[in-house]
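Worksheet: one structure, shown below.
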Amino acid sequence: MRLRRCVHPGTWPALLAALLLTPALAPGPAPAAVAADGGRPAGPAVPAVGRAWPVGARPPVLRGWDPPPGPYAPGHRGVDLAAAPGTPVRAVAPGRVSFAGRVAGKGVVSVELAGTGDPPLRTTYEPVRASVRAGETVAAGEVVGAVEPAGSHCAAPCLHWGLRGEGTYLNPLTLLPPWLLRTGPSRLLPVLGVPLPP
């Protein structure tokens, strides 16, 4: 391979460092950038404590976060994720179930997220047939219920995922770290210590 002849062996560490720091090879975008379909984060800082999507792996966002300008103004106080009825709903992060029941005819599960302050951030899933009870602790990725066949406000079956902190609604996508939000193709990086073929 000609590259081997053109690059002095002592420059490989610098070349490798440059390749790893090139934006095209950097990890996926930060939550704020990915949230273009779900709104921009606002309000209190949200730690990226999420370790799992609530449904599936990178489900389509049917409707993004659209924060209302005031407490009673119209808006969308969460994100709607495509999910068929019966799809397992998982806790995105560890915490304690603060509510599991029905609100206005819809099944709702709320989880207070561990290590997110006092009062803690609270994430909510609906419409969900709960498989947990208030007071139970849950791990990230643990099933808390299943998507109900009725009660959704979406045109297609979905799960509404919300987040509240310090009395305000927040963008739940900001809970997820970049590696969970990444939607681009996988990228191969060079392996150190492996000689190039002749």
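Throughout, numbering of the chain's residues begins at 1 and tracks the sequence. For clarity, every value in this text was computed on a predicted model and none was experimentally measured. Computed over heavy atoms, backbone and side chain alike; hydrogens, waters and symmetry mates excluded.
Across G145 and S131, no two heavy atoms sit closer than the pair N-OG, 3.2 Å. In terms of heavy-atom proximity, P54 sits nearest to L159 at CB-CD2, 3.7 Å. Nearest heavy atoms, L121 versus G165: CD2-CA, 3.6 Å. Closest approach of A91 and A52 over heavy atoms only: O-CB, 4.3 Å. Considering all non-hydrogen atoms of both residues, G50 and A93 come closest at CA-CB, 4.2 Å. Minimum heavy-atom separation, R90 to G141: NH1-O, 3.0 Å.
Pairs engaging residues 142-165 under the salt bridge (Lys or Arg N to Asp or Glu O under 4.0 Å) rule: R102-E148 [sequence neighbours left out].
Residues W161 and V61 fail the side-chain proximity criterion, which asks for heavy atoms closer than 4.5 Å. Put simply, the side chain of P120 does not reach to within 4.5 Å of the side chain of L113, judged on heavy atoms. For the pair L81/L62, no side-chain contact is recorded, criterion being any heavy-atom separation below 4.5 Å from C-beta on. Residues V143 and V89 have side chains not in contact (no heavy-atom distance under 4.5 Å, counting atoms from C-beta outward). Side-chain atoms of P157 and V147, non-hydrogen and from C-beta on, never get closer than 4.5 Å to each other. Under the 4.5 Å side-chain criterion, counting only non-hydrogen atoms from C-beta, V92 is not in contact with V49.
Taking the six-membered ring where the residue is Trp, H153 and H160 present perpendicular rings, their angle passing 60° and hence far from 30°.
Under the 4.5 Å side-chain contact rule for hydrophobic residues, V138 and F99 do not share a cluster. When hydrophobic clusters are built by joining Ile, Leu, Val, Met, Phe, Trp and Tyr residues whose side-chain heavy atoms come closer than 4.5 Å, directly or via intermediates, V128 is grouped together with V132. Side-chain heavy atoms closer than 4.5 Å link hydrophobic residues (I, L, V, M, F, W, Y) into clusters, and following such links, possibly through other members, connects L163 to V97.
Side-chain N or O atoms of T124 include none that pairs as donor or acceptor with a backbone N or O of G162 at under 3.5 Å. Checked by atom type and distance alone, the side chain of W53 pairs as donor or acceptor with a backbone atom of L180 at under 3.5 Å.
For R122 and E112, the salt-bridge test fails: no basic side-chain N is under 4.0 Å from an acidic carboxylate O.
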